[in-house]
Student: 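What follows is a structure written as structure tokens; I'll ask about it next.
FYI, the numbering just counts along the sequence from 1.
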Amino acid sequence: QKIPYFLWTFKKYPLPTYGITIASDDWRKLNDPKLSLGADLPKESKKAKPAQFSAGGAPLNVLVRYRGDTSPHFLYFKKSWRIEFTEPQTFEGMRSIDLIVPQDRAFVTEQLNNYRAKKLGLVVPESRFVRLKVNGHDFGVYFMVEHWSKEFLEKNGLSGDTNFYKERSVNEPIFEDIRYWDKVTTNPHETISNYAELQTLIDIINKTPDNDFLQKISTIVDMDNLLRWYMHSLLSGSGHQDWAHNIRLYFDPTLGKFQFIPWDVGVARLADWNGIDLHYNPLISRLLANPEFVQK
């Protein structure tokens, strides 16, 4: 089966090569035999193992594990990785990175989405394509993307001392209750359990009458950012930042409002939707019921 690809082994590729060196016993533990189609990633595979990371310079001490909530990330020979750099070290200013199997991000699609997000003035994590070797074994091309952290926010001119939210899991109705959320960063002047601004957002979405909705939502959401975030999804025909996952909410302390950060946007055909306006999460659906927002 490898014969047709033999000549490609001599070809040079203009991609940075990353290397992971990990003890063989730790690597064996990550490859839990209980991995199966449709199953969640086993706990043992989520336990980070010490390793060394190289990218052309001096090796860095890291913790590594497999990442992803669904089997395409870890079931097959090529798996997605989470690499965390041991403090105080960072890699190119990044505290943690994910190496994702490219097919999970529709190959080049997410990189295109990130490019367009920047054109629209939206903040997105650092991303690129790289080649990965683990203990000298070449695993080919990966989509590298910066993981969420205080450093990510500050590199992009945002505050690292504020509440930055993400969903805690998948397939939970995140716009119904604050218990479905976790914090990536917290406001150091508040208790870690303070989700007051998120509760305000959820209450407005679920309890405000239609005639007051646009005015009310504007008090807690940066509407210019939201409009650009929605148009970014529309350009990809995407409803992947939906009622259950892929929502990243940054609370801007200078505005006292939420801003949305694109994540795992994906791509689809607009022809598969019923009209150009996409209904895929409760906030967007309520906004699309307002003629003023639709006109904008």
Side-chain angles (χ1 to χ4, degrees), residues 41 43 46-48 62-65 67-69 82-98 114 117 121-127 145-206 216-226 229 241-265 281-283:
L41 186 64
K43 290 182 179 180
K46 290 184 177 181
K47 294 179 181 177
V62 295
L63 293 172
V64 301
R65 67 172 178 86
R67 58 83 60 201
D69 293 313
R82 167 75 46 79
I83 302 174
E84 300 175 3
F85 298 93
T86 305
E87 293 194 37
Q89 295 178 117
T90 61
F91 172 62
E92 297 180 359
M94 294 180 284
R95 170 62 54 208
S96 178
I97 61 174
D98 288 337
N114 285 350
L122 297 166
V123 171
V124 288
E126 178 68 28
S127 61
V145 61
E146 181 178 8
H147 192 52
W148 311 108
S149 66
K150 179 183 177 78
E151 288 81 3
F152 155 72
L153 294 173
E154 292 176 346
K155 276 198 318 173
N156 286 281
L158 303 175
S159 173
D161 293 327
T162 190
N163 293 325
F164 179 31
Y165 297 93
K166 62 185 286 289
E167 70 276 359
R168 69 174 186 180
S169 185
V170 294
N171 296 326
E172 294 180 327
I174 57 177
F175 288 99
E176 292 183 7
D177 200 301
I178 60 171
R179 63 183 170 147
Y180 299 130
W181 297 81
D182 283 331
K183 291 181 182 180
V184 178
T185 62
T186 61
N187 184 336
H189 305 296
E190 299 176 346
T191 62
I192 196 168
S193 59
N194 188 349
Y195 284 62
E197 68 258 359
L198 183 59
Q199 184 66 63
T200 299
L201 174 64
I202 290 173
D203 286 345
I204 291 173
I205 292 172
N206 290 289
K216 287 283 189 182
I217 200 68
S218 300
T219 66
I220 195 66
V221 170
D222 179 345
M223 296 303 291
D224 176 65
N225 162 268
L226 176 61
W229 177 84
Q241 300 168 107
D242 56 22
W243 60 273
H245 71 337
N246 295 331
I247 302 296
R248 298 296 180 268
L249 288 173
Y250 167 78
F251 191 75
D252 188 332
T254 63
L255 296 176
K257 297 181 180 183
F258 282 109
Q259 294 181 335
F260 287 71
I261 295 177
W263 173 244
D264 194 5
V265 179
N281 78 40
L283 172 58

Student: Measure from the side-chain N and O atoms of Arg95 to the backbone N and O of Glu84, and report whether any donor-acceptor pair falls under 3.5 Å.
Tutor: no
Student: Between Glu154 and Lys150, does at least one N-O distance fall below 4.0 Å, as a salt bridge requires?
Tutor: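 Yes.
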Student: Kindly compute the distance separating CD (Glu146) from CZ (Phe91), expressed to the nearest 0.5 Å.
Tutor: 11.0 Å
Student: Would you check if the side chain of Glu167 reaches a backbone N or O of Ile247 as a donor-acceptor pair within less than 3.5 Å?
Tutor: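 Indeed, once roles are kept as given, a pair shorter than 3.5 Å links the two residues.
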Student: I want to check something: taking the side chain as every heavy atom from C-beta on, are Tyr195 and Lys183 in contact at a cut-off of under 4.5 Å?
Tutor: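 Yes; the side chains approach each other to less than 4.5 Å.
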Student: Between CZ of Arg67 and CD1 of Ile83, what distance do you get to the nearest 0.5 Å?
Tutor: 12.0 Å
Student: For residues Phe260 and Leu283, determine if any side-chain heavy atom of one lies less than 4.5 Å from a side-chain heavy atom of the other.
Tutor: yes
Student: Restricting to salt bridge (Lys or Arg N to Asp or Glu O under 4.0 Å), what partner residues turn up for Glu190, sequence neighbours left out?
Tutor: none
Student: Ignoring hydrogens, what is the shortest heavy-atom contact between Phe152 and Ile261? Give both atom names and the distance.
Tutor: CE2-CD1, 4.1 Å
Student: Which pair of heavy atoms, one from Val124 and one from Ala117, lies closest together, and at what distance?
Tutor: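 Smallest interatomic distance, heavy atoms only, reads CG1-CB, 3.6 Å.
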Student: Below 4.5 Å, heavy atoms only, C-beta onward: do Ile204 and Thr219 meet side chain to side chain?
Tutor: yes
Student: Do Asn156 side-chain atoms and Leu158 backbone N/O form a donor-acceptor pair below 3.5 Å?
Tutor: no
Student: For the pair Gln241 (side chain) and Trp263 (backbone), establish whether a donor and an acceptor sit closer than 3.5 Å, ignoring hydrogens and angles.
Tutor: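 Present.
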Student: Hey, could you give me the CD1/CZ distance between Ile217 and Phe258, rounded to the nearest 0.5 Å?
Tutor: 9.5 Å
Student: Should we say atom NZ of Lys166 is surrounded by more than 12 heavy atoms from elsewhere, each under 6.0 Å from it?
Tutor: yes
Student: CG of Leu201 to CG of Asn206: how many Å apart, nearest 0.5 Å?
Tutor: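 Going from CG on Leu201 over to CG on Asn206, the span is 9.0 Å.
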Student: Donor-acceptor check, side chain of Asn163 to backbone of Asn187, threshold 3.5 angstrom: yes or no?
Tutor: yes
Student: Of the non-hydrogen atoms in Ile205 and Pro282, which two are nearest, and what is the gap between them?
Tutor: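 So the minimum-distance heavy-atom pair works out to CG2-CB, 4.1 Å.
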Student: Test your reading of the model: is there a side-chain donor-acceptor pair from Asp242 to the backbone of His245, 3.5 Å cut-off?
Tutor: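 Yes, Asp242 side chain to His245 backbone: donor-acceptor pair under 3.5 Å.
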Student: Look only at the side chain of Trp181 and the backbone of Ile174, and say whether a donor-acceptor pair between them is shorter than 3.5 Å.
Tutor: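 Flag set: sc Trp181 to bb Ile174 pair under 3.5 Å.
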Student: Please report the closest heavy-atom contact between Arg82 and Ser96, naming both atoms and the distance.
Tutor: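 Heavy atoms only, the tightest pair is CD-OG, 3.3 Å.
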Student: Between atom CG of Leu198 and atom CD1 of Ile178, what is the distance when rounded to the nearest 0.5 Å?
Tutor: 6.5 Å
Student: If I compare all heavy atoms of Val64 with all of Val62, which pair ends up nearest, and what's the gap?
Tutor: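 Closest heavy-atom pair between Val64 and Val62: CG1-CG2, 3.8 Å.
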Student: Scan for salt bridge (charged side-chain N to carboxylate O under 4.0 Å, His left out) pairs involving residues 254-263, sequence neighbours excluded, and state none if there are none.
Tutor: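 Every candidate salt bridge (charged side-chain N to carboxylate O under 4.0 Å, His left out) pair involving residues 254-263 fails, so no pair, neighbours aside, qualifies.
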Student: Given Trp229 and Arg248, is the side chain to side chain contact (heavy atoms under 4.5 Å, CB included) satisfied, shown in steps?
Tutor: CA-CA 11 Å; Trp229 177 84; Arg248 298 296 180 268; over 6 Å; no
Student: Which residues pass the ring pair (Phe, Tyr, Trp, His ring centres under 6.0 Å) test with Tyr250, not counting sequence neighbours?
Tutor: none
Student: What's the verdict on side chain to side chain contact (heavy atoms under 4.5 Å, CB included) for Asn225 and Leu122, showing C-alpha distance, side-chain angles and the deciding distance?
Tutor: CA-CA 7 Å; Asn225 162 268; Leu122 297 166; 3.6 Å; yes
Student: Quick check against the 3.5 Å criterion: does Asp98 have a side-chain atom that pairs as donor or acceptor with the backbone of Val145?
Tutor: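 The answer is no, because no donor-acceptor pair under 3.5 Å joins these two groups.
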Student: Quick check: does any side chain N or O of Thr162 sit under 3.5 Å from a backbone N or O of Asp252, one acting as donor and the other as acceptor?
Tutor: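 Not a single qualifying donor-acceptor pair exists.
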Student: Going by an N to O cut-off under 4.0 Å, is there a salt bridge joining Glu126 and Lys155?
Tutor: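 Salt bridge between Glu126 and Lys155, a charged N being under 4.0 Å from a carboxylate O: no.
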Student: Verify the ring-centre separation between Trp148 and Phe164: is it less than 6.0 angstrom?
Tutor: yes
Student: Tell me the closest heavy-atom pair linking Asn114 and Pro125, and the distance in Å.
Tutor: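 Shortest heavy-atom separation between Asn114 and Pro125 comes out as ND2-O, 4.1 Å.
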Student: A side-chain contact here means heavy atoms from C-beta on lying under 4.5 Å apart; do Ser169 and Tyr180 qualify?
Tutor: no
